[in-house]
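So the structure is just underneath, and the comments pick up after that.
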Amino acid sequence: MSANSRPNTTVQIGSLTLKNPVMTASGTFGYGEEYAPYVDLNRLGAVVVKGISLEPRRGNPPPRIMETPGGMLNAIGLQNVGVKAFLGKKLPWLRQFDTKVVVNIFGETLEEYGKVASALSGIAGIHALEVNISCPNVQKGGHVFGCDPDASREVTKVVKAATDLPVIVKLSPNVSDITQVARACEAAGADALSLINTLLGMSIDIEKRIPHLKNVTGGLSGPVVKPVALRMVWNTVRAVTIPVIGIGGVMQADDAVEFLIAGAKAVQVGTANFVNPRATMEIIDGIEEYLVRHGLNDVNELIGSLKTD
Amino acid sequence: MSANSRPNTTVQIGSLTLKNPVMTASGTFGYGEEYAPYVDLNRLGAVVVKGISLEPRRGNPPPRIMETPGGMLNAIGLQNVGVKAFLGKKLPWLRQFDTKVVVNIFGETLEEYGKVASALSGIAGIHALEVNISCPNVQKGGHVFGCDPDASREVTKVVKAATDLPVIVKLSPNVSDITQVARACEAAGADALSLINTLLGMSIDIEKRIPHLKNVTGGLSGPVVKPVALRMVWNTVRAVTIPVIGIGGVMQADDAVEFLIAGAKAVQVGTANFVNPRATMEIIDGIEEYLVRHGLNDVNELIGSLKTD
Amino acid sequence: MFTREDMTATILSNAEVAPCHYLMTLAVSKVFGQAQPGQFVMLRPVGRGFPFLGRPLGIYSLAEHADGARIEVLYRAAGKGTKVISALCEGDLIEILGPLGNRFEHKPGMKTAVLVAGGIGIAPLVFLVERLSLAALPERPGLILYIGARDSGSLLGIDRMRAFGVDVRVSTDDGSAGYRGPVTDLLLRDMASFDAATTEIYVCGPNPMLKRMSGICENHTVPCQVLMEERMACGMGACLGCTIEVRTPSGVEYRQVCADGPVFDLRSIVWR
Amino acid sequence: MFTREDMTATILSNAEVAPCHYLMTLAVSKVFGQAQPGQFVMLRPVGRGFPFLGRPLGIYSLAEHADGARIEVLYRAAGKGTKVISALCEGDLIEILGPLGNRFEHKPGMKTAVLVAGGIGIAPLVFLVERLSLAALPERPGLILYIGARDSGSLLGIDRMRAFGVDVRVSTDDGSAGYRGPVTDLLLRDMASFDAATTEIYVCGPNPMLKRMSGICENHTVPCQVLMEERMACGMGACLGCTIEVRTPSGVEYRQVCADGPVFDLRSIVWR
Ligand SMILES: Cc1cc2nc3c(=O)[nH]c(=O)nc-3n(C[C@H](O)[C@H](O)[C@H](O)COP(=O)(O)OP(=O)(O)OC[C@H]3O[C@@H](n4cnc5c(N)ncnc54)[C@H](O)[C@@H]3O)c2cc1C
Ligand SMILES: Cc1cc2nc3c(=O)[nH]c(=O)nc-3n(C[C@H](O)[C@H](O)[C@H](O)COP(=O)(O)OP(=O)(O)OC[C@H]3O[C@@H](n4cnc5c(N)ncnc54)[C@H](O)[C@@H]3O)c2cc1C
Ligand SMILES: Cc1cc2nc3c(=O)[nH]c(=O)nc-3n(C[C@H](O)[C@H](O)[C@H](O)COP(=O)(O)O)c2cc1C
Ligand SMILES: Cc1cc2nc3c(=O)[nH]c(=O)nc-3n(C[C@H](O)[C@H](O)[C@H](O)COP(=O)(O)O)c2cc1C
Ligand code: FES
Ligand code: FES
């Protein structure tokens, strides 16, 4: 590689081409606008927006968040503006940027998943859907779709049937065997998988003897979840043939490189945005520096390069 | 409570009486001897020794451990001296102390679980068995017993049939719904449950592009797992009627108090012993101080006192 | 666009000014020159595992100069995170985000500004008064501060307030200074004397005090702005973590303290 | 029984003595008075999230006094954890465990001690030499040090060695001091001259050097003790994390570096 030629960082997530493997994680980057003062959105591989449902949602009562050692708990309750307001108020602003827009969707019933997916299809400026299956199925006694391979397969089928966009299914880590769910989603036609969503956790105010979160339990994220996320990505890339996107505790370039070496084709940056709004920019630069330092011409040479015996 | 009367800290784990709710976690306190220079074993609620199998085990090839943000990964591979050497060389030393000795056991087959359990029964100085079900079942394609409610039930049955000692079943957190496994073990006659064992994780040396652990994946422990452990304890205490012992990231008294408030009848201190060999002593003192500061005469008033609406 | 430099401050001093209360002076970038009263910053020690999230602290004072700005924050070591911050020394770097949030407002015709502070709640009000005393108002507004604290030792910022010509009325829980009892009692006595058309009340303090204030406001019409506090992660409206409930024409709705606030119409707040 | 005090040290100094190399002096409790050459301590900064586990560092020197002891550690800022430790200042407290591990041994009839150090590997050997020069031996043993480093700037501890009357033989990778090339080349030339019955070799350094040493030992019979390194959590034989493979009469077995070592017979080591 000649000294001044920059390594290729373009990666392929199914039919979706990213200029680099760094995406934002849903719910941690708002609708992009919030971070415009800190981030040049044109430089991002992709923006994944806050989870969208058919109708607007108020979310959970406060308090909704709490810091934990090396991470945080959240129980936002999927508050969002709903499909209509997203298309009317948020998407137009995002269209001006030269990046890929991935819309994270969820529902409480199979039908709802399908309706959201179709409502977002065939619309300029939306490049892919990410399906959050870590939601309670109100028709199945609130059992979380993503914790059951069959329910995960159903959701994937419904969404695939409702859209022509590439479909990324986002897996829950709160399962006995993530590869089962991964295979079920692949079989149902998922174009890619992203993992992990938050680990279920809890923390208590011992002076008041009440939970720190009004919702009692919440989702754990941040550096603390990285070892678990990395292990699940490593298991999943060897269980499926579709691309896998690594999520969980990516704070700096080194963390992203770990996921890429484990076999993830891209990473999503979540909680890191809160503690360092410029995290994505620094991670993009850091990955390129790593490639140069190790004499690699192409990030794809790094992906899946873990040596084991 | 009169100023100078000390609060009661005695707790009951089924038929097992502990002078206080602080136990050591298996594999993190050796066979007790290692910590004698730092800990007065007479003050401990109970000592849980390193997991014992029928035959001695060499364990995994090194490297076996790696630090992670706020925690550590280990793949010791259940190295241990085996039942015979334990009874001959380790137990006699432990007998001199006025504390409860809990022997953590495991096997690779149902038969092995049964044999270890009976080999340890009717022996002076052993007060209870803790059954580690987070082990691969060699007869079922290496599928981990503890990740399947039925397999967990079977193990519990076999052990109960083989011993008259109180049986504590130690649950794995790497499951979709820990309450299912908990109920299965309760139905099979478990006298108590302890949770959590380590979360499966992984980490990578990005310069060499090899896993930090020779075994590739390992068990995550330390402060990072506390929110997950606390959530699972909270779920489990409301799903079963037998006593639950909280394990995971208990570093200081405040952490122990969180588990007690959530409903755990006792806690186990694990990784904390590595970074602070006197952790158990300081936690025992700290719990008592908390009780006094809050005007509680009895630790049992604290247990399960979480207020939610 | 904000740069790394805009997100890094140098600690010029970090002194304990009262038991568990600290005054920190920070050398910051030019971008903080635009900071307005009521706005806050998120502070986070550099390169430590803990605290993981930034800590929101109001701006106590701001001074611009040629190649940057200097801000002060007055804070209480309330818990583990602020204790770590209070242990930082002159010359240490600290990660900073800001200026964040909305601002205290005042109508052009304001004749009297009534400030109500509980304990450390004085901090953002000092910055407000500094700006009001410079504001382009038809006539310089009368400034009255009602401040309550645990004891005389915990009364902070009063000297600065007096220096700005503020009429200071003190109350303490233990009576070691001024009136003995809640500061809201002091205010209540005078409420009737304020002209709702030309007076603005600004409140900052602990929740119990804020709730008493909203009780008072039910029987009076003087406009009242309050600085609300809630746990935060991002500080910029992205995580939706810092939620409170407010009454709106279209019913009770959630608002984000960091982005829609921290300053709200006290009468709109739904108290838990 | 060890107390909290025994587990807390005060940093008296922590200075960079060569690029990325630091010398830290610690005020420690009386219990460290028993420390022996080859033993180590686990160090961990107080009250930070990171590093989470202690860092094992060999003892470079020990001095007892009336109400305690003073130890020195000579260390390289190799990674994230030791970098944090290197940033600690005079007066800071640091958590310490120790003295841990076994010790370098010597037979009563030892006439010559051959020390082989690679880079920072010099540290524990300096403590060894200090003790050997005081040891109750029939005659004061001859002391020869073979030391290799990247360059002349990275040669540490030599002055102390000379002060103890050690005959120092230097090699550097870049030839900026002494022989250019691996220090084991220097040693190899002289190996034949050592009497296996009265000579003892002590080795400490990076793995590549240790492997070359074991190659040399295959063709010679001089006893050779090596200080091994492995990642550690507890430092006291409880976690079974710091495992290495050694040859024993009953075949290849696992040993714990912290409890069975860190000093081993170099010929018994099974290299990965
Ligand atoms: C807009 C705004 C302005 C503020 N201005 C000031 C000020 O000028 N001076 C001052 O002393 N304090 C101020 N506070 C309160 C200050 O943020 C908290 O005291 C601080 O966050 C406590 O952190 P801790 O780590 O010490 O407490 P911990 O209890 O250890 O914190 C645990 C978590 O809860 C959060 N938290 C705890 N209490 C509060 C609180 N009252 N408000 C928001 N988050 C909280 C922490 O940020 C942390 O994330 C302000 C808060 C807000 C929202
Ligand atoms: C018995 C013994 C004595 C030692 N004496 C000295 C000494 O006197 N001077 C000196 O400079 N170094 C010494 N070392 C090596 C020193 O422990 C490592 O350089 C240090 O642990 C690196 O930590 P880190 O956080 O900087 O590196 P990181 O790579 O960030 O550490 C990650 C993890 O790996 C462990 N680790 C990394 N390298 C080593 C290593 N070589 N040995 C053991 N653990 C390692 C760390 O402790 C940590 O747990 C000794 C090691 C042992 C086992
Ligand atoms: C405050 C917050 C809100 C989140 N909202 C969503 C969401 O709406 N949809 C979704 O699929 N994941 C959501 N997540 C999960 C993240 O996208 C990500 O999967 C998780 O936080 C792990 O990554 P991290 O450790 O980098 O944060 C949210 C996470 C946080 C912290
Ligand atoms: C080094 C190490 C060895 C362990 N060995 C065992 C074991 O033999 N049997 C077992 O049931 N659990 C074992 N555990 C799990 C602990 O007992 C405990 O469940 C887990 O570490 C979580 O608690 P902690 O966060 O306090 O460490 C081990 C943990 C560690 C870190
Ligand atoms: S702190 Fe994130 S939205 Fe307010
Ligand atoms: S470090 Fe724990 S056994 Fe050696």
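To find a chain, count down the sequence lines: A is the first, B the second, and so on, and within it residues start at 1.
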What part of [X] gets closer than 4.5 Å to chain B, counting heavy atoms only: side chain, backbone, both or neither?
X: A:S305; result: both
X: A:L302; result: side chain
X: A:I206; result: both
X: A:Y290; result: side chain
X: A:D309; result: side chain
X: A:V228; result: both

Q) Where on B:A262 is there a heavy atom nearer than 4.5 Å to chain A: the side chain, the backbone, both, or neither? A)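 It is both, since atoms from each part get that close.
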Q | Portion of B:L220 that has a non-hydrogen atom of chain A nearer than 4.5 angstrom | A |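 Looking at B:L220, just its side chain touches chain A.
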**Q.** Neighbour count above 12 (heavy atom, 6.0 Å) for B:K307 NZ
**A.**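 Above 12, so yes.
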Q) Which residue pairs satisfy the side-chain hydrogen bond (donor to acceptor under 3.5 Å, both in side chains) criterion with at least one member in residues 244-256 of chain A, sequence neighbours excluded? A)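 Of all non-adjacent pairs touching residues 244-256 of chain A, those that pass side-chain hydrogen bond (donor to acceptor under 3.5 Å, both in side chains) are A:K226-A:D255.
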Best-contacting candidate, [options], against chain B by heavy atom pairs under 4.5 angstrom:
options: A:C147, A:P69, A:P211; result: A:P211
options: A:V224, A:T68, A:V175; result: A:V175
options: A:G249, A:G146, A:P223, A:S176; result: A:S176

Q: Among the options B:H294, B:K214, B:R231, pick out the one with the most heavy-atom pairs lying under 4.5 Å from chain A.
A: B:R231
Q. Can you tell which of B:T308, B:V225, B:L306 has the highest number of heavy-atom pairs within less than 4.5 Å of chain A?
A.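 So the answer, after comparing B:T308, B:V225, B:L306, is B:L306.
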Show me, pair by pair, the donor-acceptor contacts under 3.5 angstrom made by side chains of residues 197-204 of chain A, not counting sequence neighbours?
unit_1	atom_1	unit_2	atom_2	d
A:N197	ND2	A:N132	OD1	3.2
A:S203	OG	A:H212	ND1	2.6

Q.
Apply ring-ring contact (aromatic ring centres under 6.0 Å, His included) to residues B:F145 and B:Y113 and explain how you reach the verdict.
A. CA-CA 11 Å; B:F145 288 99; B:Y113 273 101; 5.3 Å; yes
Is there a donor-acceptor contact under 3.5 Å from the side chain of [X] to the main chain of [Y]?
X: A:R209; Y: A:D205; result: no
X: A:N74; Y: A:I65; result: no
X: B:N273; Y: B:G270; result: yes

Q.
Taking the side chain as everything from C-beta on, heavy atoms only, tell me whether A:V11 gets closer than 4.5 Å to A:N20.
A. no
Q: Please check if any side-chain donor atom of B:T179 sits under 3.5 Å from a side-chain acceptor atom of B:T236, or the reverse.
A: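 There is no such pair between these side chains.
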